[in-house]
Amino acid sequence: MKKFNIFFIFINVITVTFGYTLKEVISNDNLDPIQRYYRENGMKLDREDVVIDIENQNITTNKMTVTYLYPDDHIVRTPEHSVCISSKNCVLVGNPMGPFKYYNLNCYIHSFSAGPNDYYELGNGYKDFNYSIDVNGYLQCVYKNFKLNIFRRVNVKGFIGPVTASVAEENFTKWASYYKNKKLVDGKNQLNYNKLKMTITISTCSSVFSFKTNVGNNICDVDGVIEMEKGEDCMEYVNVVGVTKVFICGSGLCCGKNKKCGKGSSYCGKGCLSRYGTC
């Protein structure tokens, strides 16, 4: 049984990514270090848990480190078009994601790159996060033993929050299991599970991508397998936009060594190309 391949990135809460880190010398002017820090930085202290965190610091060493997370200020956006290959890139990393069923074919979504709304941010408190997924990729399907990497174009959008990392991970793990081998159709596929809201949109055309820079020519060419008649070519090629076309011989026809479809020993004998027809 194939495993549903997917990875969801969760952020360690107490990190420099989300926190301001300040090293401050504690002088002997009898000023409370917390009051001093907030006075110098123009901030208001209104969280009891931060007070506890700061008060637990060892201030007898003349230095302390204050780490505080601000819900309104901390949002980390994935740069648009970033390739989603690791936790350093996108909120969602799935290469490939699946399997799904599309026209009764076994398919995976792969080669993700970030759209403009792929980000994570602080939610309620410094332990809760909002995760926004916005990635674009391709539907890879197997048809007549040919792996078609650009069978369709795909956009995946999702959101969960405010939740802790563990709750988000639990929701996504169950989502992946629940929708394994789910049938997908052209257009929008709403695949929600509990707190996780996910939409997978499928199209032949590049207009499905969420890129803000997705302007100009709308590319609708996709990978395909085409049956040819007697005397026609049997071969495959990749065009300038990376789309693969596979030309196979129709039922009962062989692909001869001259890469033509036909019958008889000159086609079905020595040199017959079984990849593109009967031999």
Side-chain angles (χ1 to χ4, degrees), residues 4-11 17-18 71-98 100 102 107-124 128-140 149-165 167-176 178-179 182 184-220 222 242:
F4 194 108
N5 298 311
I6 191 111
F7 305 94
F8 195 65
I9 306 310
F10 303 103
I11 311 302
T17 301
F18 283 108
D72 295 333
D73 296 337
H74 286 274
I75 178 170
V76 178
R77 291 188 177 275
T78 308
E80 191 172 343
H81 292 283
S82 293
V83 178
C84 305
I85 57 175
S86 74
S87 61
K88 296 180 180 179
N89 298 82
C90 307
V91 174
L92 177 69
V93 179
N95 285 312
M97 179 201 298
F100 297 104
Y102 180 76
C107 303
Y108 290 84
I109 304 174
H110 70 110
S111 299
F112 287 126
S113 54
N117 292 309
D118 194 73
Y119 65 86
Y120 50 84
E121 64 177 349
L122 284 172
N124 294 335
D128 293 338
F129 293 89
N130 294 321
Y131 297 93
S132 176
I133 301 164
D134 179 14
V135 292
N136 303 292
Y138 299 93
L139 195 65
Q140 177 195 84
N149 291 320
I150 309 179
F151 196 64
R152 293 294 185 269
R153 294 174 175 87
V154 181
N155 171 258
V156 180
K157 283 188 171 67
F159 185 86
I160 184 170
V163 293
T164 62
V167 171
E169 182 178 13
E170 179 184 2
N171 274 262
F172 198 82
T173 300
K174 291 182 177 179
W175 178 93
Y178 184 78
Y179 287 110
K182 172 70 175 178
L184 300 179
V185 298
D186 292 327
K188 290 186 177 183
N189 299 265
Q190 198 71 40
L191 308 180
N192 298 334
Y193 187 90
N194 198 8
K195 295 182 178 182
L196 179 61
K197 312 301 179 184
M198 295 282 283
T199 303
I200 297 176
T201 306
I202 298 176
S203 174
T204 57
C205 299
S206 60
S207 58
V208 74
F209 293 155
S210 62
F211 302 127
K212 288 182 179 179
T213 55
N214 189 30
V215 295
N217 294 331
N218 183 26
I219 300 173
C220 296
V222 293

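Residues Pro96 and Tyr108 approach most closely at CB-CB, 3.6 Å, considering heavy atoms. The minimum heavy-atom distance linking Ile160 with Ala168 is given by the pair CD1-CA, 3.9 Å. Between Arg77 and Pro116, the shortest heavy-atom distance links the atoms NH1-O, 3.4 Å. Taking every heavy atom of both residues into account, Ala114 and Cys84 meet most closely at N-SG, 3.9 Å. Closest heavy-atom contact between Ser210 and Asn136: N-OD1, 3.0 Å.
A distance-only check finds a donor-acceptor pair linking the side chain of Asn189 to the backbone of Ile200 [under 3.5 Å]. The main-chain N or O of Met198 is found under 3.5 Å from a side-chain atom of Asn192 such that the two form a donor-acceptor pair. Judged purely by atom type and a 3.5 angstrom limit, Glu80 uses its side chain to pair as donor or acceptor with the backbone of Lys212.
The distance from atom CZ of Phe209 to atom CD1 of Ile219, rounded to the nearest 0.5 Å, is 9.0 Å. Interatomic distance, CG of Asp118 versus SG of Cys90, reported as 5.0 Å (0.5 Å rounding). Between the CZ atom of Phe211 and the OG atom of Ser113 there is a distance of 3.5 Å, given to the nearest 0.5 Å. Here Glu121 contributes atom CD and Phe129 contributes atom CZ; the two are 10.5 Å apart, rounded to the nearest 0.5 Å. Here SG of Cys107 is found 10.0 Å from CZ of Phe100. Values are rounded to the nearest 0.5 Å. Within the model, atoms CD1 of Ile202 and CG of Asn155 stand 11.0 Å from one another, a figure rounded to the nearest 0.5 Å.
Legend: salt bridge (charged side-chain N to carboxylate O under 4.0 Å, His left out) pairs involving residues 129-140, not counting sequence neighbours, sorted by first then second residue: Asp134-Lys157. Sorted by first and then second residue, the salt bridge (charged side-chain N to carboxylate O under 4.0 Å, His left out) pairs with a member in residues 187-198 form an empty list; sequence neighbours excluded.
Checked against ring pair (Phe, Tyr, Trp, His ring centres under 6.0 Å), Tyr178 has the following partners two or more places apart in sequence or in another chain: Tyr193. The side-chain contact (heavy atoms from CB on, under 4.5 Å) search around Ile150 returns Tyr138, Arg153, Asp223, not counting sequence neighbours. Among residues two or more places apart in sequence or in another chain, the side-chain contact (heavy atoms from CB on, under 4.5 Å) test is passed with Cys220 by Thr204, Cys205, Asn218. Remark: Asn171 engages Asn194 in a side-chain hydrogen bond (donor to acceptor under 3.5 Å, both in side chains) (not counting sequence neighbours).
Just one of Thr78, Val91, Ile75 meets the side-chain contact (heavy atoms from CB on, under 4.5 Å) condition when paired with Tyr120; it is Val91. In summary, of the residues considered (Leu196, Thr199, Asn130), a side-chain contact (heavy atoms from CB on, under 4.5 Å) with Phe159 occurs for Asn130 alone.
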Val156 and Phe112: CA distance, side-chain angles, deciding distance, side chain to side chain contact (heavy atoms under 4.5 Å, CB included) verdict: CA-CA 9 Å; Val156 180; Phe112 287 126; 4.0 Å; yes
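In this structure, Phe172 and Trp175 have parallel ring planes: the angle between them is below the 30° cut-off, well short of the 60° mark.
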